[in-house]
Protein chains: 2
Amino acid sequence: MPSDGSTSTSDVRSRLLREATRLFAAKGFEGTSLKDISEAVGIRKPSLLYHFPSKDLLRQSVLEQMLARWNEVLPNLLRAATSGVGQFDAVVEETVGFFVEDPDRARLLVREALDRPAHISRLIGEYVRPWAIIVCNYIRKGQQQGRVHADVDPESYVAQIINLMISSIATFQCVGDVTGPGLSPQQRLSRHIRELCRVAKSSLFLPTAN
Amino acid sequence: MPSDGSTSTSDVRSRLLREATRLFAAKGFEGTSLKDISEAVGIRKPSLLYHFPSKDLLRQSVLEQMLARWNEVLPNLLRAATSGVGQFDAVVEETVGFFVEDPDRARLLVREALDRPAHISRLIGEYVRPWAIIVCNYIRKGQQQGRVHADVDPESYVAQIINLMISSIATFQCVGDVTGPGLSPQQRLSRHIRELCRVAKSSLFLPTAN
DNA sequence: CCTACCGATCGGTAGG
DNA sequence: CCTACCGATCGGTAGG
């Protein structure tokens with residue numbers, strides 16, 4: 001019975017996951033203590049360890065929760081990925097949207113890539129290779145049809161664009177302002193993403209002859 | 001007198017900087033202890049603290065050393081940056097080369113961007129804004145001359161390409177293999193960089209009419 | 001979900 | 001450049 005209004009029901013576990021995500025993204029796994037996380041939720045450290053038996057299992061749970069959300073979005077993405085120039089836009093924007101919706105997802109992935117490269121390699125093999133191969137085949141078909149630049153290296157192109165989408169959102173807050181202020185963060189983000197999509201598309205497709 | 005062959009002269013300080021760079025890049029600032037660094041050099045922790053009075057000053061020194069090296073390379077870069085399509089290649093390749101020469105530089109910058117975004121914002125203002133403005137003006141001139149795509153957003157484009165160059169090398173070891181193995185790391189890196197340069201150029205310049 | 005407590009390790013100092 | 005040591009904090013456990 002939530003009589004005090006601060007703890008709604010018994011979603012302590014999900015609140016722990018949320019605060020852990022936020023703090024791991026902001027200060028890193030080693031830079032965050034269990035005390036930081038538990039007190040952000042309003043409980044003591046041993047209580048956290050009741051929900052997550054160790055710090056490392058908490059880290060794994062944080063990543064698993066994010067990947068589970070990605071698997072929810074993936075069907076939409078694959079549906080949009082069948083063919084055509086407009087569909088390409090949709091795939092990029094849908095993927096970017098996943099990370100814009102919560103930039104901590106991007107920061108978490110970049111940190112994990114730096115801290116545990118072998119783990120990220122495994123996740124890539126599991127979560128992105130399947131549909132990366134599909135995209136590569138789509139690119140090669142486009143090259144045969146003359147819609148895609150002949151000198152594109154499909155595998156490397158896909159790797160670069162994935163990397164660009166994730167890391168540019170992860171570090172957006174500080175690398176976004178190369179040439180000074182003058183715009184609101186929202187405006188900068190919007191320009192940033194539009195240019196990201198433009199780069200991805202313009203470096204893939206030949207200009208349409210119109 | 002270096003009689004034992006392990007310590008050449010008294011470059012303990014520079015060896016500490018080298019090992020600190022390597023360990024901060026690999027495991028992060030919070031994930032690296034002063035003991036790790038000092039023992040990698042073969043001395044005790046208090047001896048490290050004689051050369052660098054605190055862990056935070058060591059971090060600053062590591063970054064300063066890297067930025068000093070960048071300032072040595074910058075003149076070559078600015079000389080090549082004057083005009084033309086071939087020159088654009090030279091600038092990108094020279095910049096990429098700086099980070100390929102030692103990928104720890106890229107990892108250090110990405111980690112710093114995540115850990116201390118305000119600090120990286122300041123460094124960007126100091127080290128990259130000056131010549132980023134020059135590049136933006138060059139892009140705008142190219143747009144007027146019809147050599148550069150009209151819909152390029154110069155500021156965002158520069159931010160994206162800088163971000164791409166650094167982060168793709170920082171996380172190359174794990175994100176490079178989106179579509180499976182089969183190539184040596186050297187071959188993969190070479191393909192990766194070639195595609196990176198192609199994306200940068202192809203998304204900027206209009207196809208030459210030949 | 002709590003209090004009380006554990007050994008280990010942290011960055012840093014004293015003193016030589 | 002070392003040994004010896006400091007208080008603080010770490011992840012984790014006992015026990016309720």
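Computed from a predicted model, the values in this text were never measured in an experiment. Lettering of chains follows the sequences in order, A, B, ..., and the numbering in each one begins at 1.
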> Between A/Tyr50 (OH) and D/dG16 (P), how many Å, whole number?
Replying inline: 18 Å
>> Counting the atoms with a prime plus P, OP1 and OP2 as sugar-phosphate, which does A/Ser33 contact under 4.0 Å by heavy atoms, base, sugar-phosphate, or nothing?
In response: sugar-phosphate
>> By the 4.0 Å heavy-atom rule, please label A/Thr32 as base, sugar-phosphate, or nothing.
In response: sugar-phosphate
>> Please determine whether any donor N or O and acceptor N or O are separated by less than 3.5 Å between the side chain of B/Lys45 and the base of C/dG11.
In response: yes
> Between D/dC1 and B/Arg44, is there an OP1 or OP2 to side-chain N/O distance shorter than 4.0 Å?
Replying inline: no
> From B/Ile37 CD1 over to B/Phe52 CZ, what is the distance, rounded to the nearest 0.5 angstrom?
Replying inline: 9.5 Å
> Atom CD1 of B/Ile37 and atom P of C/dG12: how far apart are they, to the nearest Å?
Replying inline: 11 Å
>> Parallel, tilted or perpendicular: which one describes the rings of A/His192 and A/Phe172, with boundaries at 30° and 60°?
In response: tilted
> Given atom CD of A/Glu30 and atom C1' of C/dT9, what is their separation to the nearest angstrom?
Replying inline: 12 Å
>> Let me spell it out: for each of A/Leu49 and B/Pro46, pick the nucleotide of DNA chain D with the closest heavy atom. Which residue's pick is nearer the 5' end?
In response: B/Pro46
> Once you round it to whole Å, what is the distance between P of D/dC10 and CZ of A/Phe29?
Replying inline: 13 Å
> When the distance from CD of B/Glu39 to C1' of C/dC10 is rounded to whole Å, what number comes out?
Replying inline: 14 Å
> In terms of the angle between their ring planes, are A/Tyr138 and A/Phe205 parallel, tilted or perpendicular, with boundaries placed at 30° and 60°?
Replying inline: perpendicular
>> For A/Ser167 and B/Ser167: C-alpha separation, side-chain torsions, deciding distance, then whether side chain to side chain donor-acceptor pair (under 3.5 Å) applies.
In response: CA-CA 7 Å; A/Ser167 68; B/Ser167 68; 2.8 Å; yes
> Got a salt bridge between B/Glu195 and B/Arg191, using NZ or NE/NH1/NH2 to carboxylate O under 4.0 Å?
Replying inline: no
> Are the charged groups of A/Lys45 and A/Glu39 less than 4.0 angstrom apart, N to O?
Replying inline: no
> Paired stems touching DNA chain D, three or more consecutive Watson-Crick or G-U pairs with both distances under 3.5 Å?
Replying inline: C:1-16 with D:1-16
> Between atom CG in B/Leu34 and atom P in D/dC6, what is the gap in whole Å?
Replying inline: 20 Å
> Is atom OH of B/Tyr127 surrounded by more than 12 heavy atoms (other residues, nucleotides or ligands) closer than 6.0 Å?
Replying inline: yes
>> Short of 4.0 Å, heavy atom to strand atom, which residues of residues 52-64 of chain A count as contacting DNA chain C?
In response: none
>> Working to the nearest 0.5 angstrom, can you tell me the gap between A/Leu109 CG and A/Ile169 CD1?
In response: 11.0 Å
> Which nucleotide sits closest to the side chain of B/Ile43: C/dG12, C/dC1, D/dC1?
Replying inline: D/dC1
> Rounded to the Å, how far apart are A/Lys35 NZ and D/dG11 P?
Replying inline: 11 Å
> Could A/Arg69 and A/Phe98 be counted as a cation-pi pair, given that NZ or CZ must be under 6.0 Å from the ring centre and within 45° of the axis?
Replying inline: no
